[in-house]
Amino acid sequence: MFTATLYAQGGQAAGGSPLVSIGMMVAIFAIFYFLLIRPQKKQQQKLQQSIASLKKGDKIIVSGGIVAEYVSDKEGGRVAIVKLGENTKIEIIKSSISAVVTEEMLNPPKKEDKKEDKNQLKEDLEKAQQEEENKNN
C-alpha cells in the first residue's frame with residue numbers, strides 16, 4: 001500500500017498534463033521559428049532577389065571569399081561569368097554567390113560620426129541637468 005501511494009505521487013508529479021507538454025513544445029517551436037527560421041528565410045530571399053537583378057559591373061562575393069565583378073549569364077542563367085582582374089574571367093555557378101556588394105558595404109559609417117553623436121548626447125545631458133538645477137533653485 002505504501003508503494004502504491006509513492007508510485008501515484010511520483011507519477012503525478014513527473015507526468016503532469018499532456019496538454020502542458022504539447023504547449024511547451026509548441027512554444028519552443030514558435031520561439032525557434034521567429035528567432036531563427038524566419039529571419040534566415042528573409043535573408044535568403046533578399047539574396048536571391050539581388051542575384052536575380054545583377055547587372056554588368058556589379059561587385060559580388062563568391063562563397064570562397066573571392067570578390068569579383070559580374071559580367072554576364074550563361075546556360076540560361078544558371079552560370080555567371082565574372083571578372084577577377086583585367087584579363088581574367090571565370091565561370092561560376094550562381095548559387096555560389098554569397099553576397100552582392102552594396103554601397104553601404106563599400107562605405108561604412110565613419111567612427112567619427114559616432115563620436116560626434118556621443119559628444120552631442122553628453123552636451124544635451126549636461127544642458128538638461130543644468131536646466132533641472134536652475135528650476136530647483
Side-chain angles (χ1 to χ4, degrees):
M1 182 163 149
F2 182 69
T3 310
T5 305
L6 286 176
Y7 180 76
Q9 289 176 351
Q12 186 180 21
S17 173
L19 291 176
V20 172
S21 298
I22 292 171
M24 291 294 285
M25 290 191 321
V26 168
I28 290 171
F29 178 76
I31 291 170
F32 272 100
Y33 178 77
F34 285 108
L35 293 179
L36 298 174
I37 298 170
R38 187 170 174 233
Q40 187 175 11
K41 281 186 179 181
K42 283 187 174 184
Q43 187 178 17
Q44 285 175 344
Q45 287 175 347
K46 185 178 177 184
L47 177 63
Q48 291 299 325
Q49 289 174 348
S50 59
I51 289 173
S53 65
L54 281 173
K55 52 188 176 287
K56 186 174 182 177
D58 287 347
K59 298 274 186 188
I60 61 168
I61 300 175
V62 182
S63 61
I66 299 171
V67 178
E69 183 179 323
Y70 176 79
V71 176
S72 65
D73 282 341
K74 186 178 178 183
E75 294 183 20
R78 194 175 78 81
V79 176
I81 299 173
V82 296
K83 183 177 174 182
L84 296 176
E86 290 296 319
N87 299 320
T88 308
K89 292 182 182 177
I90 61 171
E91 296 177 3
I92 62 166
I93 297 174
K94 274 193 167 181
S95 63
S96 68
I97 297 174
S98 62
V100 177
V101 178
T102 61
E103 198 63 35
E104 296 169 356
M105 295 171 92
L106 294 174
N107 301 319
K110 295 179 182 179
K111 292 183 178 179
E112 295 172 2
D113 296 338
K114 292 180 181 178
K115 288 181 182 178
E116 290 175 7
D117 290 341
K118 287 181 181 178
N119 290 336
Q120 184 66 34
L121 288 173
K122 286 180 183 178
E123 291 174 5
D124 292 343
L125 181 62
E126 289 173 1
K127 286 180 184 178
Q129 288 174 346
Q130 288 176 357
E131 290 174 4
E132 188 69 30
E133 288 176 6
N134 292 337
K135 288 180 184 178
N136 290 338
N137 293 334

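Here the structure is a predicted model, which is why all the values come from computation and not from measurement.
- Linking Ile, Leu, Val, Met, Phe, Trp and Tyr residues whenever their side-chain heavy atoms come within less than 4.5 Å places I37 and F34 in a single cluster.
- Under the 4.5 angstrom side-chain criterion for Ile, Leu, Val, Met, Phe, Trp and Tyr, the cluster partners of I81 are V71.
- The hydrophobic cluster containing M24 also includes V20, under a criterion of side-chain heavy atoms closer than 4.5 Å among ILVMFWY residues, counted directly or through chains of members.
- Listed by first and then second residue, the salt bridge (Lys or Arg N to Asp or Glu O under 4.0 Å) pairs involving residues 83-100 are D73-K94, K74-E91 (not counting sequence neighbours).
- Taking hydrophobic clusters as Ile, Leu, Val, Met, Phe, Trp and Tyr residues chained together by side-chain heavy-atom distances below 4.5 Å, I28 shares a cluster with L36.
- Residues passing the side-chain contact (heavy atoms from CB on, under 4.5 Å) test with E75 are R78, V79, sequence neighbours excluded.
- Among K127, K122, Q120, the single residue meeting the side-chain hydrogen bond (donor to acceptor under 3.5 Å, both in side chains) criterion with D124 is Q120.
- Listed by first and then second residue, the salt bridge (Lys or Arg N to Asp or Glu O under 4.0 Å) pairs that reach into residues 20-44 come to none, sequence neighbours excluded.
- N87 meets the side chain to side chain donor-acceptor pair (under 3.5 Å) test with no other residue; sequence neighbours excluded.
- Members clustered with L54: L47, I51, I60, V62, I66, Y70, V82, L84, I90, I92, I97, V100, by chain and number, using a 4.5 Å side-chain heavy-atom cutoff among hydrophobic residues.
- Listed by first and then second residue, the side-chain hydrogen bond (donor to acceptor under 3.5 Å, both in side chains) pairs that reach into residues 50-60 come to none, sequence neighbours excluded.
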